[in-house]
Amino acid sequence: METPKTYEPQQAEEKWYAHWMEKGYFHSEPDDREAYTVVIPPPNVTGILHMGHMLNNTIQDVLVRRARMQGKNACWVPGTDHASIATEAKVVHKLRAEGIKKSDLTRDEFLAHAFEWKDKHGGIILEQLKKLGASCDWERTSFTMDPEYSESVLNVFIDLYKKGKIYRGLRMVNWDPEALTALSDEEVMHKEVNSKLFHVRYKIAGSDDDWLTIATTRPETILGDSAICIHPEDERYKHLHGKQAIVPIANRTVPIILDEYVEMEFGTGCLKVTPAHDTNDYELGKKHNLETIDILNSNGTINDKGLHYQGQDRFEARKSIEKELYDKGYLVKTEDHINKVGFSERTNAAIEPRLSLQWFVDMKELSAPALENVMNGNINFYPEKLKNTYRHWMENVKDWCISRQLWWGHQIPAWYFGEGMEDFVVAKTREEALKLAIDKSGRNITENELKRDEDVLDTWFSSWLWPISVFNGLTQPNNPEIKYYYPTNDLVTAPEIMFFWVARMIIAGCEYMDDIPFKNVYYTGIVRDKLGRKMSKQLGNSPDPIELIQKYGADGVRMGILISSPAGNDLPFDSSQCEQGRNFTNKLWNAFRLVDSWEVNADLEQPESSVRAIEWFEARFNEELAIINEHFDKFKISEALMATYKLVWTDFCSWYLEMIKPGYQHPIDGKTLARTKLLFADLLKLIHPLCPFIAEELWHLLAERNGEDIIVAEWPHFKPVDNSTLSQFTLAEEVITNIRNIRTKNNIANKVKLELFVKKNGELNTNFDSVIVKMGNLTHLDYTFDKIPNSNSFIVDQNEYYIPFGESIDVEAEKEKLTKELEYSKGFLLSVRRKLENEKFMSSAPEQVVISERKKEADALGTIAILEEKLAGL
RNA sequence: GGGGGAUUAGCUCAGUUGGUUUAGAGCAUCUGCCUUACAAGCAGAGGGUCACUGGUUCGAAUCCAGUAUUCCCCACCA
């Protein structure tokens, strides 16, 4: 059967993934081997695969597959996150399309819809990961709302509450008027927007025509004003001390207060104070005992305190109130102004600071060990520079608002038995809560009186337990799995969620396992398009990963995405990279076709050139293996990939295979072929973590394996390298390249055999002469004591090489070439001599450096002498 | 406003504690080849004042200072 000329990935991918699954290679159970554990950053349960996931999961798979081959018990735990806000928003949206309003449903009815949605769309992304080749232990697939997982979330809430680390409080929080929930500070993105600064005049109470002018970006909140604030030292407004002002439209009289918080330079120096709608104003309100007038409903419309604007959306109200202020002569002027406004990370709605009763985690003490463990290197960050960002956040950590006014998630285990701030208890079940409530209140409370908190917990309050709870480390402390797999080894994630997730996992690990959750954190960059834009659905600039896989093969796409993505760097992605990856798999495929095509003749003696070729490639392989290992160990994945790529393409295909290749339709000797297959197999091992499918495919095509698969083959062991073989080959390579150059420049076809004479001037090892003869397509290589006239010539390592021509050569061209070389050598000599003639250099430089400079000088002198002699002889 | 990075070939990046020739790789480019493994290929070549200025040093892409450009993170100036 004819082997196809190009590699066709689809079949191989399906076949081998099914085979790996069937053999259970991805599944891990604790045993005597060293554990290597990775937990996947759980994607949103209803999400679909995007390029960021591709990058992230390819890296994880590379690490996991290599660890598996290194004989470690590799366990990659997959799973999904319930993604409270995102999923609830999707369900609400879907119901709305069907004409159902969330507010018409009971909590249970809504949750039934949500679970239906989750069952329908959940896990699509995990199926997509399989196409990429992800070797996850699918039997361990976890979900943050699995029953046992949920139990651990509630346990942690209760425990932290008991420790006094969780409290309930009335605070200014970030309110998302679209999702109708509070958000943590981390879920708010600040963006610069072009807005207007409105200068509005307020009449001084009791005066005929005295006014003051404030500047505001949010005139609609005028209705909630409860004071005007000026700087106590502001000379312009000294006459206003102790006076009152009349709020336009509302016609309320409010005090003029003094506080140094006001910047005199900004706007007019007069600040309107609206404690209900601004965090700073709220603080001012508390300090000066001001009234808090909340004029907004939870959905961002004006409420009954907003007079005739009631019912209008806040942005609509801004426009209409601008008009009214103008019409009535209150609006002094408007000017363009750029300010920063917070937007919800999920819904993109403008955040409204809102006073509400929420649950918080006190982060100060909890975060101390988490900071310590990163700064002291117990946990390594790749790239290391992100430690700075981490430290900065941890040192300024604020309390974490964990309650969300949503239904999809873990319902807060708090139970209320009255209206007072303290009329609640925290307990896992209604029964326990009842007991506690009776104790706390001192009266006989009935079960019906007990109302559970309606809110759910922030999603990250469950994901922060991920490395522990996927092994049930909280519900079954010290179980064999948590003891074996925890702490996990490497975490691969995006820097964007360093605070959301990474920092909090470290906190949870230190608090609940008394140990870090992972040893290394690899931060990927952002996948961008060619123009440097972030890939996003809105821009439509993100290729569909599955389509890429269909077009280039999973291995090609994996190569394409890894080829230039050092840790922490953004990845400017272009599908041409996948093309390069695909070309690489094709190169491998054809290398196999070549080797596979050779017939063995047992009587044939092994050519000298093949003996040398094998010696050299073995040394070369090991030299590069050490480098590749080092790259992997330092998480320099793209460099490990590039080293592997060059080892295969340049060293193995372009040099080694050409060196041992028999003439067309000639057989090969058995020894060489057998060695070559072994070397090829070793290369495939290096390739497997990067391109698992083709590696497995060729591994089996190359030899009968008796059920041994490359996925569990042993990663090659480093054997010490004979450096002299490598350096001798480098010189031979240089000779061959020079011969090829002469062919190109003189239009000599490769088929035409040439003769080569060598005039030995210095040290010369002849080990690779047979290789030079073969690769240069020479009739013979002879040594001579004389220059050969009418020759093309070149110098390698101070030895002269001559290729005689039938006809005379171009003397002028030769002269020019030699003169150029001479100039270079002289320039070089000069730079070396500058050092050697410098007394300070000679006295301060280390001996080794001086010796090496002296050698450079001697070499240069030798080369110059040869060149000059050649020039003179022309 | 505060903090942290980055700047090396057209593009994407390496470049260990300052000293392996006068700085490397892949891709792209150019030239010549459809040479029976591969044109998704082969052989060869060109391409850089290491952002700028100054300093330290016998010696700087590498260390220091300043400048420019740029990216990221944090932050409540209305």
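Labels below follow one simple rule: chain letters A, B, ... track the order of the sequence lines, proteins then strands, and each chain is numbered from 1. Fair warning: this is a prediction, and the values are worked out from it, not measured in the lab.
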With both distances under 3.5 angstrom, what nucleotide forms a Watson-Crick or G-U wobble pair with [N]?
N	result
B/A23	none
B/G44	B/C30
B/C77	none
B/G54	B/C64
B/U16	none
B/U70	B/G5
B/G59	none

What does A/Asn747 touch in the nucleic acid at a heavy-atom separation under 4.0 angstrom: a base, only the sugar-phosphate, or nothing?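 A/Asn747: no heavy atom of the nucleic acid under 4.0 Å.
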Charged N to carboxylate O below 4.0 Å: is that the case for A/Arg218 and A/Glu352?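 Yes.
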Could you check whether A/Glu624 pairs with A/Arg620 (Lys NZ or Arg NE/NH1/NH2 to Asp/Glu carboxylate O, under 4.0 Å)?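 So A/Glu624 pairs with A/Arg620 through a salt bridge.
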Protein-nucleotides 39-47 of chain B N/O pairs closer than 3.5 Å?
residue : atom : partner  : partner atom : Å
B/A40   : O4'  : A/Asn583 : OD1          : 3.1
B/A40   : O2'  : A/Asn586 : ND2          : 3.1
B/A40   : N3   : A/Arg582 : NE           : 3.1
B/G41   : OP1  : A/Asn583 : ND2          : 3.4
B/G41   : O3'  : A/Lys587 : NZ           : 3.2
B/C42   : OP1  : A/Lys587 : NZ           : 2.7
B/C42   : OP1  : A/Trp649 : NE1          : 2.8
B/A43   : O3'  : A/Arg740 : NH1          : 3.4
B/G44   : OP1  : A/Arg740 : NH1          : 3.4
B/G44   : O3'  : A/Asn741 : OD1          : 3.4
B/G44   : O3'  : A/Asn741 : ND2          : 3.1
B/G44   : O2'  : A/Asn741 : OD1          : 3.0
B/A45   : OP1  : A/Asn741 : ND2          : 3.1

By salt bridge (Lys or Arg N to Asp or Glu O under 4.0 Å) - contacts of [X] (at least two apart):
X	result
A/Lys5	none
A/Arg236	A/Asp234
A/Glu658	A/Lys661

OP1 or OP2 of B/A14 sitting under 4.0 Å from any side-chain N/O of A/Lys634?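 A/Lys634 to B/A14 OP1/OP2: no side-chain N or O under 4.0 Å.
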Residue-phosphate contact under 4.0 Å: A/Tyr645 side-chain N/O, B/C27 OP1/OP2: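 It does, given that an N or O in the side chain of A/Tyr645 lies less than 4.0 Å from OP1 or OP2 of B/C27.
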Which whole-number value in Å describes the distance from A/Arg854 CZ to B/U20 P?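 In whole Å, B/U20 P and A/Arg854 CZ are 17 Å from each other.
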Anything under 3.5 Å between a protein N or O and an N or O of nucleotides 55-63 of chain B, put it in a table, one pair a line.
residue : atom : partner  : partner atom : Å
B/C58   : O2'  : A/Asn838 : ND2          : 2.8

In 5'-to-3' order, the base (B), backbone-only (S) or no-contact (-) status of each nucleotide in nucleotides 69-78 of chain B, using a 4.0 angstrom heavy-atom cut-off, is ----SSBBBB
Is the A/Tyr523 ring parallel, tilted or perpendicular to the A/Phe381 ring (thresholds 30°, 60°)?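 Rings of A/Tyr523 and A/Phe381: perpendicular, over 60°.
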Geometric class of the A/His337/A/Phe266 ring pair [parallel <30°, tilted 30-60°, perpendicular >60°]: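 Rings of A/Phe266 and A/His337: perpendicular, over 60°.
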Taking [M] as the reference, what is the distance to [N] when you measure between their [atom1] atoms (whole Å, please)?
N	M	atom1	result
B/C64	B/G1	P	25 Å
B/C11	B/C74	P	30 Å
B/G19	B/G59	P	14 Å
B/C52	B/A68	C1'	7 Å
B/G48	B/G24	P	13 Å

Side chains of A/Tyr656 and A/Thr676 only: does a donor on one sit below 3.5 Å from an acceptor on the other?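 A/Tyr656 vs A/Thr676: donor-acceptor pair found between side chains.
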A/Leu867 CG to A/Gln798 CD distance, which is reported to the nearest 0.5 Å: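 Nearest 0.5 Å value for the CG-CD distance: 10.0 Å.
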Considering the options A/Asp281, A/Thr216, A/Asp225, which one meets the side chain to side chain donor-acceptor pair (under 3.5 Å) requirement together with A/Lys272?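 Of the listed options, the one satisfying the test is A/Asp225.
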